[in-house]
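The shown structure was predicted, so the numbers you read here are calculated from the model rather than taken from an experiment.
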Amino acid sequence: MSFFEVNKIPLKIVMNDGITTTMGTSIKETTLLYDNLNNNAPTYYFNSGDSGVSFEISVVIKQEYYFNNHQIIEYLNQYDKWGTRVPVVTNAIDIPNGIYTMRIKSKKQSYHNLSIWKLYFKQYYEDDMSFEVYDSKTSSLSSIDQMLLRCRVPVDSTSPTDVIKAVQLKLQERGCWSDTVWHFNGTQWVVVLDDEGESNRIPNGKWDEQMQGDIASFQNLNGLINKNGICDEETLKAMLGNTYEGNGFYHQGVY
C-alpha cells in the first residue's frame with residue numbers, strides 16, 4: 001500500500017499485521033420444511049441491509065510525527081475521544097474511500113522510540129448512496145509529495161532516481177532550479193553546450209554537480225542556514241510547506 005490518509009494525515013501501516021475488513025451486509029438464510037410428499041425445504045433470505053464496512057489496521061506512531069505543527073498522536077486521540085467523522089483516502093484494495101468514525105483499540109510499545117496502535121474504522125452513513133458510489137482511489141497528496149514524505153533522508157546521489165527527480169521538480173516549482181547546464185572546470189563555472197548548441201537542463205532523476213548548489217539556493221531563500229546544500233528532512237519539509245503543511249516523514253525500516 002503506497003498511501004493511507006486519515007483527514008489528510010499520512011499514516012504508516014504495519015503490513016505484517018494485515019488489514020482485516022468486515023463487510024457491512026448481513027443476509028440470513030432460513031429453510032422451512034413443507035410437510036408434503038416431497039418434503040420440500042425452500043430457502044428464504046432475509047437481507048438486513050448494508051451498514052458499511054469496518055476494518056482494523058496497525059500503524060506506526062512516533063513522537064516526532066507531526067501534521068500542521070501538532071503531533072499526530074494528538075489528532076488520533078482526539079478522533080477517538082470525540083468519535084470524529086474523518087475522511088479516509090487509501091489505495092488499499094479492500095477499503096473504500098469515504099467517511100469513517102475511528103476508535104483506538106490498543107497501543108503497544110515494544111521499542112524505545114515507537115509504538116504500534118491498532119485502529120478500528122467504521123464507515124459512516126451519510127445518505128442512501130454513501131455505500132454504493134465511492135471516490136476514485138486517489139491520494140489527496142500529489143505523487144511528488146507522497147514520494148518525498150516517504151523517502152529516506154538525506155536525499156543524495158545514492159537515492160533512487162524517482163526520489164531525485166521529485167526533488168528536482170520541487171526545486172523547479174520553487175524557482176531554485178537552473179535551466180542551464182554548468183560545469184566547474186577547476187577554476188570557474190562554464191556553460192556546457194550540446195551538439196546543437198543548446199544548454200537545456202531538465203529534471204531527469206540524475207544527480208549532477210549542480211544539484212547541491214540548487215538545494216543550497218533554496219535553503220538560503222527559506223532561512224535554512226548551515227545546510228550547505230544537504231537535502232535533509234528539514235529541507236524537504238520546507239519544499240512541501242505550501243502544498244502540505246506539517247509533516248509525516250518516515251525513516252525507512254521494517255516494522
Side-chain angles (χ1 to χ4, degrees), residues 1-22 52-124 137 139-143 145-155 159-160 163 166 231-241 243-255:
M1 186 195 320
S2 62
F3 64 86
F4 184 95
E5 299 170 17
V6 177
N7 207 13
K8 294 189 177 181
I9 300 174
L11 298 179
K12 183 175 180 63
I13 308 300
V14 182
M15 289 305 297
N16 289 342
D17 291 352
I19 302 174
T20 303
T21 305
T22 303
V53 306
S54 60
F55 64 92
E56 291 185 11
I57 57 172
S58 296
V59 300
V60 177
I61 298 295
K62 292 186 178 182
Q63 288 186 325
E64 60 264 32
Y65 286 175
Y66 275 75
F67 180 80
N68 285 346
N69 299 319
H70 294 281
Q71 286 183 314
I72 289 179
I73 290 174
E74 296 180 14
Y75 286 102
L76 297 183
N77 281 329
Q78 178 178 307
Y79 297 158
D80 173 74
K81 180 178 180 180
W82 298 108
T84 308
R85 298 187 295 274
V86 292
V88 171
V89 179
T90 177
N91 63 348
I93 297 173
D94 299 328
I95 301 175
N97 292 345
I99 305 299
Y100 292 78
T101 55
M102 191 208 80
R103 297 297 309 276
I104 301 174
K105 298 201 68 175
S106 65
K107 303 177 181 180
K108 182 178 181 181
Q109 183 172 355
S110 301
Y111 302 94
H112 172 68
N113 65 335
L114 67 86
S115 179
I116 303 298
W117 290 17
K118 182 164 288 186
L119 307 180
Y120 169 82
F121 291 85
K122 174 64 179 178
Q123 198 170 9
Y124 183 77
K137 291 286 188 175
S139 171
S140 60
L141 304 179
S142 72
S143 59
D145 289 353
Q146 289 180 50
M147 179 77 65
L148 296 183
L149 278 170
R150 291 164 174 81
C151 71
R152 184 190 296 273
V153 289
V155 178
S159 299
V163 172
C231 191
D232 59 2
E233 183 173 316
E234 187 178 7
T235 301
L236 289 180
K237 289 179 185 178
M239 288 184 183
L240 298 171
T243 56
Y244 187 75
E245 297 178 356
N247 73 75
F249 285 89
Y250 307 130
H251 297 275
Q252 284 188 350
V254 178
Y255 299 99

Can you find a heavy atom in the side chain of [X] that is under 4.5 Å from one in the side chain of [Y]?
{"X": "D94", "Y": "V53", "answer": "no"}
{"X": "F4", "Y": "V89", "answer": "no"}
{"X": "P96", "Y": "Q123", "answer": "yes"}
{"X": "F121", "Y": "I57", "answer": "yes"}
{"X": "M102", "Y": "D80", "answer": "yes"}
{"X": "S58", "Y": "M15", "answer": "no"}

Criterion side chain to side chain contact (heavy atoms under 4.5 Å, CB included) on V14 and W117, from CA distance to verdict: CA-CA 10 Å; V14 182; W117 290 17; over 6 Å; no
Rounded distance (nearest 0.5 Å) linking atom [atom1] of [X] with atom [atom2] of [Y]:
{"X": "E233", "Y": "E64", "atom1": "CD", "atom2": "CD", "answer": "8.0 Å"}
{"X": "Y120", "Y": "S54", "atom1": "OH", "atom2": "OG", "answer": "4.0 Å"}
{"X": "T84", "Y": "N7", "atom1": "OG1", "atom2": "CG", "answer": "8.5 Å"}

Audit row: S110, I116, side chain to side chain contact (heavy atoms under 4.5 Å, CB included) steps and yes/no: CA-CA 8 Å; S110 301; I116 303 298; over 6 Å; no
Show the nearest heavy-atom pair for residues [X] and [Y], with the distance to one decimal.
{"X": "L119", "Y": "I104", "answer": "CD2-CG1, 3.8 Å"}
{"X": "P10", "Y": "I72", "answer": "O-CD1, 4.0 Å"}
{"X": "Q109", "Y": "L114", "answer": "CG-O, 3.2 Å"}
{"X": "Q63", "Y": "Q71", "answer": "O-NE2, 3.0 Å"}
{"X": "T101", "Y": "R85", "answer": "CG2-CG, 4.2 Å"}
{"X": "D232", "Y": "P154", "answer": "CA-CB, 4.2 Å"}

K122, NZ: over 12 other non-hydrogen atoms inside 6.0 angstrom: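 Atom NZ in K122 is packed in, count exceeds 12.
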Greater than 12 external heavy atoms within 6.0 Å of K107's NZ: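 Yes, the 6.0 Å shell around NZ holds more than 12 heavy atoms from other groups.
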Audit row: V6, L11, side chain to side chain contact (heavy atoms under 4.5 Å, CB included) steps and yes/no: CA-CA 7 Å; V6 177; L11 298 179; 3.8 Å; yes
Sequence neighbours excluded - ring pair (Phe, Tyr, Trp, His ring centres under 6.0 Å) pairs with any residue from residues 70-106: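 Qualifying pairs, neighbours excluded: F55-Y100, F67-Y75.
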Side chain N97, main chain T90, donor-acceptor under 3.5 Å: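 Answer holds: yes.
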Stepwise side chain to side chain contact (heavy atoms under 4.5 Å, CB included) check, V88 with E5: CA-CA 6 Å; V88 171; E5 299 170 17; over 6 Å; no
